[in-house]
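A, B, ... follow the sequence lines: proteins, then strands. Residue 1 opens every chain.
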Amino acid sequence: MATQQTRSIGRIAVAPSVIALFLWMIVPLAMTIWFSFLRYNLLDPNPACSLMTPGALMDEANRCLAGTSNYTYFLTDPAFFKAMRNSLMLVFWVLVISVTGGTMLALLLDQAIYGRNFVRLLVIAPFFVMPTVSALVWKNMMMHPVQGFLAWITKSLGLGAIDWFAHYPMTAIVIMVSWQWLPFATLIILTALQSFDEEQKEAAQMDGTPPISFFWYMVIPHLARPVTVVILIETIFLLNVFAEIYVTGSGGRAGNLPFLVYHYGLLANDIGGASAGGIIAVILANIVAFFLMRMIGKNLEA
Amino acid sequence: MGTISLRNVRKAFGDAVIIPGADLDIEHGEFVVFVGPSGCGKSTLLRLIAGLEDLTSGLIMIDGEDVSDVPPARRGLAMVFQSYALYPHMSVRNNIAFGLKMAGMPKEEIDAKVTHAAATLNLTDYLDRKPRQLSGGQRQRVAIGRAIVRQPKCFLLDEPLSNLDAALRVNMRVEIMQLHRQLDATMIYVTHDQVEAMTMADRIVVLNKGEIEQVGSPLDIYNKPNSVFVAGFIGSPKMNLITGPLATKFSATTLGIRPEHVELLASAGDVNGSIVLTEHLGSDSFLHVDCGEAGRLTVRAAGDYEGKPGDAVSLGFDRARIHRFDSQGKVLV
Ligand SMILES: Nc1ncnc2c1ncn2[C@@H]1O[C@H](COP(=O)(O)OP(=O)(O)OP(=O)(O)O)[C@@H](O)[C@H]1O
Ligand SMILES: [Mg+2]
């Protein structure tokens, strides 16, 4: 029970960090919004249209202010729809693979198997690998059509090699990112499995519950909440996947929304357009988050 | 029917022998209470009967059939757990129905049974709630409901009331006893509370470190404890256990006498002492009397006893009610 006094002291105590965080977020966001309304291109021979030179901006207001044209351009760009689709496909498939795979791995690791601690360590390992490193390893060691491990397997089976990044870039990215996120799902679900009440298990045993029914009626409902957490957190991160696409050079066909923003800003040097794309991505992410919360948020209520 | 027999039942976890060898026969319709201090193996013994633990050696028979290798669900028993172990995401109705559903019973039959059980246990209004929306006592009733719909030969209850407050515990105690009479089923009830054991049991099984110390009706056990352990464990306040010269005078290693069998005399009793503390319960008063070498004895006096701490008293023992134990702690006759 906080008294009036402790509550106001609490507020004062957290104020500096709240203010710092607020500035930390609000300044870049404000600048992005500002840029998104400018005709601000680094290839412009007269690069006056930036926040840094407000005087020039005023002089050339007519030329610099873009109105909403950056937005309409971005939203009507065919690349935008492709990027959207790629973003959603990536999120969807990685979620499917990491949640089902994570559940199965967690069920396995929950058993008293031989060398369990070592296997656990192995399972967690991918989570510690940087996305750039993982992308390089997958591209050059696993999926390379000539020297890759997967190619070696398929070739020794007499099937020939697959050039993953040339023919199935989206599938390759999904596999890579799933590999990275599987440990996270496994860990959370494993923790949940281990907190399953022993007496409840025994009650089910007394009730004569066969394993399949036990899984269906007891384990799955018990996992609903941790899986919700996994889906929420992974979605947030998966919408932002960039390094894997950039490093493997799959942006052309498997590029998602962040990659398109990168393309606008750093390949086309169109700061205004990239900012508009960034703002659109933020809005879309919030819409997704809103629906996710609505759909599965009720699982999180106590 | 619901007779249960244990023959030389042994249980060890690794090197730790928890039940060194138990023999017991339980008749149909009996209310048997396992009582003993914490960690003495009551739950383990119950779980062995349920089939939740494997026997190390020995035999368990239900209705004369060896069930040592029969899985729990097929032994025809139902268990009520200390933590209730309700299925948290199922409604009360589904909690009660789940075992029947797993047994493949037709839906109409399940519904009829659940309705009937709910009526018996006053749960009709709560059938569509989740366990977390119930009070402790209601959860307890759901756990019992889950057990009774299966019409088991025997109910196993592991400290079912220990999570309830004192008043509710007394109510539920009465309800369970009524239920026992109504269902005419065998019940094995585990508790470490000797008051529960005394009030509920047809027969009490006193356990000490995994050994069955004594089996008998509550009054039998109260009046004729066959060891120091049972004498000290059953009865509240505890029986006075006296060692030393005073016990030797009665030719025993340990002399036991219950507080209500000690008489306050003006002089020339078996032992003299001074009052240290008086507890007035209204109906009775309990005096703690320091008797020097004989130790501190508890004595029951009338509710309006007026003695004060510091008063000297002389205590006389009721000769017919003394208990004498040998150096092994066994009773001498
Ligand atoms: N799975 C196990 N592995 C090893 N030892 C165990 C196991 N289960 C129980 N024990 C031990 O067996 C002994 C008896 O345990 P049990 O649970 O039967 O006690 P209890 O009489 O029910 O006590 P309480 O009144 O506290 O519930 C304890 O010493 C306990 O440590
Ligand atoms: Mg116990």
By a 4.5 Å heavy-atom criterion (distance strictly below it), what part of B:R74 contacts chain A: side chain, backbone, both, or neither? neither
Sort by residue number and list every member of residues 36-54 of chain B having a non-hydrogen atom under 4.5 Å from chain A. B:R47, B:A50, B:L52
Shortest non-hydrogen contact between A:P210 and B:M102, atoms and distance: CD-SD, 3.7 Å
Contact class of B:A78 relative to chain A, heavy atoms under 4.5 angstrom: backbone
Is it the case that over 12 heavy atoms from other parts of the model lie below 6.0 angstrom from the CZ atom of A:F80? yes
Chain A contact via B:R146 - which portion, at a heavy-atom distance below 4.5 Å: side chain
Just checking A:I212: does its CD1 atom have more than 12 heavy atoms from other residues, nucleotides or ligands closer to it than 6.0 angstrom? no
Name, in order of residue number, those residues of residues 180-202 of chain A that have a heavy atom at a distance of less than 4.5 Å from a heavy atom in chain B; otherwise write 'none'. A:D197, A:E199, A:Q200, A:E202
Determine whether more than 12 heavy atoms belonging to other residues, nucleotides or ligands lie under 6.0 Å from atom CD of B:E65. no
Report all side-chain donor-acceptor pairs from residues 84-96 of chain B shorter than 3.5 Å, counting only partners two or more places apart or in another chain.
from	atom 1	to	atom 2	distance (Å)
B:Y87	OH	A:A203	O	3.4
B:Y87	OH	A:A204	N	3.4
B:Y87	OH	A:D207	OD2	2.7
B:H89	NE2	A:Y217	O	2.9
B:S91	OG	B:N94	N	3.2
B:N95	OD1	B:Y87	N	2.7
B:N95	ND2	B:Y87	O	3.0
B:N95	ND2	B:M90	O	3.1
B:N95	ND2	B:S91	O	3.2

With chain B as the partner chain, list the residues of residues 10-22 of chain A whose heavy atoms fall under 4.5 Å from it, by residue number, and write 'none' if nothing qualifies. none
Is the number of heavy atoms from other residues, nucleotides or ligands within 6.0 Å of NE2 (B:H116) greater than 12? no
For atom CZ of A:F118, decide whether the heavy atoms of other residues, nucleotides or ligands shown that lie under 6.0 angstrom number more than 12. no
